[in-house]
Amino acid sequence: GESVCMPGAMGAAAAKSQPETGRPNGERSRRPGPRSPLSWAVRLSARFCVVAVVAEQAQVAWPLQAAASSRTSGCFAGSCDLTGRGCLDRGGPVRRTRVRSSTARTAIPSRSGGPYPPQTKDAVFLWLQGLLPGQWGDVLDAGTGPDSLTWLTACPAKSIVAVTASEGMRNTVVHEVGKFLDPSRDQVLVGNWRDRGFLKDRVFDVVVADYLLGAVDFFAPYFQLGLLERLRDLMRPGGRLLFAGKEPENLAAKSSMARLILDAEALRDATMVLGRQRTYREMPMSWVVGRLRRMGLEVEEQKIFPRKVTTEKVMRQLAWAEEELRRVPDELLRSSLRRHLKTLRSRAETSTSLRLGYSFGQDYAIVARRPEAGQAEGYSG
């Protein structure tokens with residue numbers, strides 16, 4: 001089977017938990033005497049069936065302790081998705097990598113005492129989770145949405161504080177994920193990270209920023225560096241930042257399918273600008289890593305994930321553009337953009353490549369640590 005690559009010491013520790021499957025060593029036939037070729041074929045077929053059943057059962061346990069988005073997760077308000085990585089996605093890897101663990105899913109009790117949250121299949125979440133074995137302590141979901149918060153409710157967190165800048169997203173999160181939360185220790189709050197007094201005296205063992213940075217310009221223009229500083233200050237010494245983002249698109253891509261994806265995103269951005277709104281702006285992993293180091297954080301792990309774009313993801317961007325079209329004041333321009341939208345939608349609906357999933361673009365994930373008290377903080381390289 002496939003497993004997520006886990007570089008570094010933490011990855012090596014997590015990899016030790018991976019179960020071995022297959023037949024026990026030294027298994028031998030207990031029935032003596034010669035057999036006909038047909039008899040041996042039947043017996044061999046039966047053994048393969050047994051092995052297949054064992055392997056299938058081994059896949060049931062998804063990673064929790066030792067193993068390691070849609071406009072619903074990982075943005076400044078927890079209400080947008082420019083990434084398309086979702087299940088493979090909100091665009092996700094070409095083929096989703098799964099981490100199998102010998103830890104049964106009942107090893108971590110349900111937080112609410114009620115239903116157990118579904119196990120994530122998101123490769124980025126699985127990779128991040130695999131790098132943090134053991135208890136997580138107090139966790140902050142800094143740009144919450146149903147995807148990230150559902151994942152966190154299945155992680156070994158002592159408490160969860162989920163933050164969104166949108167009251168509507170808070171209602172959505174509570175409605176969809178509330179049944180997995182423990183009201184005595186978990187919170188879903190509305191707040192803007194530009195407000196320096198918001199959660200001023202709180203610190204957390206794990207801070208999650210899932211596709212949060214790219215949405216900053218819409219909600220708090222030019223606040224990218226300020227956001228990273230806020231997240232650092234919310235980390236307890238020795239605590240970790242789990243950061244996920246999207247590499248900026250390659251605008252020079254030449255294939256017709258890549259141009260279709262870029263045209264859909266460009267139309268969405270154009271309607272936002274014409275409606276006097278700021279667009280989202282993704283920051284590359286190299287920029288984020290450099291800023292984190294300059295702020296005194298130790299970047300422990302970083303990984304690139306190929307993204308798969310599907311018909312659903314392109315149609316979602318076009319639906320977003322259609323929604324923003326209503327804010328375009330010029331009627332003739334609005335009518336022309338609507339015709340362009342219909343053309344792009346028709347191309348997306350009939351695309352076999354998108355239906356199967358087209359590999360375009362990259363997501364990334366970073367794990368950074370705040371040094372313990374007494375350790376030097378500063379740029380390390």
Side-chain angles (χ1 to χ4, degrees), residues 10 13-14 17 61-68 73-74 78 99 101-120 122 124-164 170 173-174 176-191 193 198-210 212 230-244 297-298 300-301 365-373:
M10 291 187 295
S17 67
W62 287 95
L64 289 175
Q65 292 175 330
S73 176
V99 180
S101 169
S102 57
T103 306
R105 75 180 280 172
T106 54
I108 300 176
S110 166
R111 302 184 64 80
S112 63
Y116 197 92
Q119 293 299 292
T120 185
D122 187 290
V124 172
F125 287 159
L126 291 176
W127 182 77
L128 290 170
Q129 189 170 345
L131 297 175
L132 291 184
Q135 295 299 312
W136 285 20
D138 299 318
V139 175
L140 170 67
D141 187 3
T144 195
D147 289 347
S148 62
L149 188 55
T150 299
W151 166 57
L152 289 173
T153 59
C155 293
K158 176 183 176 183
S159 69
I160 300 173
V161 174
V163 174
T164 172
R170 180 189 183 278
V173 166
V174 169
E176 295 188 19
V177 191
K179 58 183 174 291
F180 305 132
L181 298 173
D182 181 351
S184 68
R185 53 183 173 146
D186 301 329
Q187 297 176 284
V188 181
L189 306 177
V190 176
W193 291 118
F198 180 62
L199 293 182
K200 179 181 178 181
D201 298 323
R202 296 290 302 273
V203 289
F204 300 87
D205 299 290
V206 175
V207 174
V208 176
D210 177 43
L212 176 61
R230 286 298 318 271
L231 297 181
R232 176 201 58 191
D233 294 343
L234 289 161
M235 297 167 63
R236 183 173 282 121
R240 285 183 171 85
L241 171 66
L242 308 185
F243 189 97
L297 298 182
E298 301 170 354
E300 296 181 315
E301 306 283 352
I366 301 167
V367 178
R369 176 180 176 273
R370 184 170 187 177
E372 299 278 1

* Quick one: which of R232, R240, R369, R370 gives a salt bridge (Lys or Arg N to Asp or Glu O under 4.0 Å) with E298? -> R369
* Using side-chain hydrogen bond (donor to acceptor under 3.5 Å, both in side chains) as the criterion, list what pairs up with R230, not counting sequence neighbours. => none
* Residue pair P156 / Q135: nearest heavy atoms and the distance that separates them -> O-OE1, 3.3 Å
* Asked: Between A154 and Y116, what is the shortest heavy-atom contact and its length?
  -> O-OH, 3.9 Å
* Out of L242, L128, L131, which residue meets the side-chain contact (heavy atoms from CB on, under 4.5 Å) rule with E301? -> L131
* To do: Report the residues that fulfil side chain to side chain contact (heavy atoms under 4.5 Å, CB included) with D138, sequence neighbours left out, ordered by chain and then residue number.
  => K158, S159, F204, D205, R236
* **Taking every non-hydrogen atom, the tightest pair across L241 and A209** => CD1-CB, 4.4 Å
* Asked: What distance do T164 atom OG1 and L212 atom CG have between them, rounded to the nearest 0.5 Å?
  -> 10.0 Å
* Answer with yes or no whether the side chains of Q129 and W151 bring together a donor and an acceptor at under 3.5 Å. => yes
* Assess whether side chain to side chain contact (heavy atoms under 4.5 Å, CB included) is satisfied between W193 and L234, documenting all intermediate values. => CA-CA 11 Å; W193 291 118; L234 289 161; 3.5 Å; yes
* Structure fact -> Taking every heavy atom of W136 against every heavy atom of L152, the minimum-distance pair comes out as CZ3-CD2, 3.8 Å
* Structure fact -> Correct closest heavy-atom pair for M235 and L231 would be CG-O, 3.2 Å
* For residues V190 and F198, report the shortest heavy-atom separation together with the two atoms involved. => O-CE1, 3.9 Å
* To do: Check step by step if side chain to side chain contact (heavy atoms under 4.5 Å, CB included) holds for D147 and D122.
  => CA-CA 9 Å; D147 289 347; D122 187 290; over 6 Å; no
* Return the set of residues passing salt bridge (charged side-chain N to carboxylate O under 4.0 Å, His left out) with D182 (not counting sequence neighbours), or none when no residue passes. => R185
* Structure fact -> Interatomic distance, CG@D141 vs CD1@I160, rounded to 0.5 Å, equals 8.0 Å
* To do: Give, for atom CG of L149 and atom OG1 of T144, the distance between the pair rounded to the nearest 0.5 Å.
  => 4.0 Å
* Sequence neighbours left out, what passes side chain to side chain contact (heavy atoms under 4.5 Å, CB included) with V174? Give chain and number order. => R170, V188
* Who are the side-chain hydrogen bond (donor to acceptor under 3.5 Å, both in side chains) partners of T150, not counting sequence neighbours? -> none
* To do: Sequence neighbours left out, what passes side chain to side chain contact (heavy atoms under 4.5 Å, CB included) with P115? Give chain and number order.
  => S112, K179, F180
